[in-house]
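First up is the structure itself, then whatever we jot down about it.
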Amino acid sequence: MVRGDIEGMRVSYISCGAWHTAAVTSTGKLFTFGDGAFGALGHGDRSSTSLPREVHALRGLRTVRASCGVWHTAAVVEMPPELSGEFSSGKLVTWGDGEKWQLGHGDKEPRLVPSLVALSGTTNFSQVACGYSITVALTDTGKVYFMGSDGRGNLGSSGCSKTPTCVKGNIKNSRIEEIACGSYHIAVRSSDAKIYTWGKGANGQLGHGDNEDRNIPTLVEALKNKQAMRVVCGSNFTAAICLHDWALGADHLNCSGCRNPFTFIRKRHNCYNCGLAFCKPCSSKKSLKAALAPKKNKPCRVCDDCFSKLSWKKESRSALESAKNSREVIHLNGNELTDKDIINRASFPKLARLPSFDSFRSRNCNHDRGVFKSQCYPSFLLGNSTRKSTSGLRMVSRGSSPPSRKSSPVSSFTRNSIHTDLANPELLLDDSKHSVESLTQEISLLRTQVEDLTAKSQVLEAKLERTSKRWKEAMAAASEEAEKNKASKEVIRSLTAQLNQGRGKGPEQSTLPRN
């Protein structure tokens with residue numbers, strides 16, 4: 001929570017610059033704080049402040065908007081009728097560094113307090129945005145004014161603007177509703193929900209598919225039919241929020257899982273995690289962790305792929321918690337060891353003479369491409385149950401003969417490593433942490449492979465289903481053709497019989513007397 005004079009007030013608008021911040025309250029007061037170099041805070045000096053301070057020069061005026069550049073600030077204020085006549089709203093004031101004419105006063109002099117920008121008395125502003133050395137303002141009639149310079153001439157044909165200049169070009173006949181300003185580029189949104197950008201494009205921030213600069217407002221073709229609702233600019237990037245439009249295409253007429261078309265029987269259901277359309281068999285499962293769920297405590301329908309992913313996240317989270325609990329248990333047992341069961345170095349030869357010690361070492365020490373990695377954990381560090389097994393080993397060792405003392409260099413290195421680990425329980429804890437993390441990574445890798453194989457199998461099953469469906473249709477068509485062929489044969493057979501019968505009656509009819 002930001003403290004100071006602003007505490008308890010309702011903030012309606014806020015702007016952040018590179019080194020300072022401006023906040024506008026619901027009652028129209030302006031507070032600034034941060035670096036005061038060049039008078040960017042508007043307090044009449046160049047001092048900095050770490051707590052919000054009201055700009056006293058604007059007392060009695062109602063601040064509507066404010067914007068912070070790097071070393072300058074601009075605001076839109078409403079003036080009382082006694083100061084501005086019948087036009088009581090939308091005046092532009094600027095202060096701070098004016099080296100690039102970004103203050104719009106026609107000179108390079110800095111201003112330590114807010115100063116009114118001289119413009120036609122009928123021009124009222126509603127929005128303002130500041131860049132590195134540029135300032136952009138929007139009038140209530142939808143016109144854009146620009147002042148300042150980027151040093152390259154990318155923001156206009158003249159290269160700079162010492163006083164507010166109306167921007168023409170492709171937005172000449174458009175009504176602009178929103179403006180945004182980066183370090184050296186500008187973006188605006190028109191009333192017909194189109195985005196225009198111009199200025200420096202070295203980082204692709206103009207959205208035209210290249211890194212070329214533009215010196216006039218240019219329509220962003222990629223957002224032409226997207227119904228843009230908001231546009232904002234960072235130092236060298238631009239973002240737009242567009243209205244989500246459900247276009248009925250092939251992806252919305254077929255199930256995204258089995259790719260079968262939706263019918264009166266095969267109804268359409270949306271996954272509450274990815275938002276795609278699925279049939280009932282492909283989205284029969286429910287989850288409490290769906291991202292688009294209207295109620296977080298109610299299970300919602302999700303597709304099979306999202307259900308697997310959500311279940312995997314839940315299992316991985318539980319695995320991490322169990323790993324964390326196991327590390328805590330090991331840490332606690334390590335603390336008990338330091339208090340009760342710590343073993344001095346003199347006891348290590350006794351441990352080395354245990355007949356089962358070599359088998360213990362062989363089970364817990366491995367080789368990886370010739371490089372030996374010691375991950376040997378003494379059993380008495382793992383809890384009471386393993387301590388019992390250690391005592392059993394001691395009982396067995398009493399009745400057995402001592403093993404051979406002849407060992408390989410690797411074995412001696414292993415024993416020395418084990419002695420070092422036993423002398424430093426913290427190293428054992430670190431090794432256990434590394435082993436748990438490696439196991440978790442292996443499990444994640446295996447789960448990813450399983451998901452890939454599952455996806456491939458689902459694709460193959462869908463292909464098999466489509467192939468079987470085509471085969472059934474072909475068989476039905478063949479059987480129908482066979483029935484037709486059979487029926488035609490019967491017709492031909494009957495016609496042939498009638499023809500033969502007619503031929504047999506021919507001679508008899510010829511013997512009849514004529515009238």
Side-chain angles (χ1 to χ4, degrees), residues 12-13 15 24 28 30 58 61-67 69 72-94 101-106 114-131 134-148 155-158 160-182 185-199 214-220 223-224 227-233 238 240-243:
S12 60
Y13 191 82
S15 175
V24 180
L30 177 63
L58 296 179
L61 307 179
R62 180 183 177 86
T63 304
V64 180
R65 288 288 185 94
S67 180
H72 75 289
T73 311
V76 176
V77 298
E78 294 178 352
M79 292 188 175
E82 56 269 18
L83 294 180
S84 60
E86 58 177 318
F87 303 102
S88 60
S89 63
K91 300 306 175 184
L92 182 64
V93 293
T94 58
W101 300 286
Q102 60 264 43
L103 299 184
H105 300 301
S115 301
L116 181 65
V117 177
L119 204 60
S120 172
T122 59
T123 304
N124 296 320
F125 294 95
S126 58
Q127 297 180 30
V128 65
C130 296
I134 56 179
T135 304
V136 184
L138 177 66
T139 66
D140 54 2
T141 58
K143 300 300 179 182
V144 179
Y145 282 80
F146 160 76
M147 61 204 83
L155 295 172
S157 58
S158 61
C160 66
S161 178
K162 298 180 181 181
T163 57
T165 303
C166 185
V167 179
K168 304 293 185 180
N170 295 329
I171 62 174
K172 178 181 179 180
N173 299 322
S174 300
R175 180 182 177 87
I176 304 301
E177 294 185 346
E178 187 178 14
I179 59 174
C181 189
H185 75 287
I186 302 171
V188 299
R189 178 178 60 85
S190 62
S191 58
D192 55 353
K194 294 181 180 179
I195 302 295
Y196 295 84
T197 60
W198 69 98
R214 303 289 196 283
N215 58 7
I216 58 173
T218 306
L219 176 65
V220 180
L223 301 176
K224 185 176 181 180
Q227 294 295 317
M229 305 298 294
R230 288 292 309 277
V231 62
V232 292
C233 292
T238 307
I241 300 178
C242 301
L243 183 65

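All values reported here derive from a predicted model rather than from experimental measurement. All residue numbers in this chain count up from 1 along the given sequence.
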The criterion is side chain to side chain contact (heavy atoms under 4.5 Å, CB included); which residues satisfy it with Leu116, sequence neighbours excluded? Met79, Lys91, Val93
Leu138 pairs by side chain to side chain contact (heavy atoms under 4.5 Å, CB included) with which of Val128, Ile179, Val76? Ile179
Can you give each donor-acceptor pair under 3.5 Å made by side-chain atoms of residues 169-176, sequence neighbours left out, with the distance rounded to 0.1 Å?
unit_1: Asn170; atom_1: ND2; unit_2: Pro217; atom_2: O; d: 2.6
unit_1: Arg175; atom_1: NH1; unit_2: Thr141; atom_2: O; d: 3.3
unit_1: Arg175; atom_1: NH2; unit_2: Asp140; atom_2: O; d: 3.1

Which pair of heavy atoms, one from Pro164 and one from Met147, lies closest together, and at what distance? CG-CE, 3.7 Å
Heavy atoms of Cys233 and Ala180 approach each other most closely as SG-CB, 3.7 Å
With the side chain counted from C-beta on, respond yes when Val64 and Tyr13 share a heavy-atom pair under 4.5 Å apart, and no when they do not. no
With a 4.5 Å cut-off on side-chain heavy atoms, are Thr238 and Val220 touching? no
Closest heavy-atom pair, Cys130 versus Thr73, reported as atoms and distance to 0.1 Å, is SG-C, 4.5 Å
Using atom types as modelled and distance alone, determine if a side-chain donor or acceptor of Thr163 lies under 3.5 Å from a backbone N or O of Gly106. no
Apply side chain to side chain contact (heavy atoms under 4.5 Å, CB included) to Thr218 and list each qualifying residue two or more places apart in sequence or on a separate chain. His208, Arg214, Ile216
State whether the side chain of Thr135 and the backbone N or O of Leu103 hold a donor-acceptor pair below 3.5 Å, judged by distance alone. no
Tyr145 meets the ring pair (Phe, Tyr, Trp, His ring centres under 6.0 Å) criterion, sequence neighbours left out, with Phe125
Ser161 side chain to Phe146 backbone, donor-acceptor under 3.5 Å: yes
Sequence neighbours excluded, which residues qualify as side chain to side chain contact (heavy atoms under 4.5 Å, CB included) partners of Arg189? Glu177, Glu178, Ile195, Ala228, Val231
Go through the structure and list residues passing side chain to side chain donor-acceptor pair (under 3.5 Å) with Thr94, not counting sequence neighbours. His105
Do you know the tightest heavy-atom contact between Ser15 and Ser67? OG-CA, 3.4 Å
Closest heavy-atom pair, Val117 versus Gly104, reported as atoms and distance to 0.1 Å, is CG1-O, 3.7 Å
If you round to the nearest 0.5 Å, how far is CE of Met229 from CD1 of Ile241? 9.5 Å
Heavy-atom closest contact (Cys166 atom, Lys143 atom, distance): SG-CB, 4.3 Å
Side chains of Gln227 and Cys242 in contact at under 4.5 Å (non-hydrogen atoms): no
side-chain contact (heavy atoms from CB on, under 4.5 Å) between Val136 and Val188, intermediate numbers included: CA-CA 10 Å; Val136 184; Val188 299; 5.6 Å; no
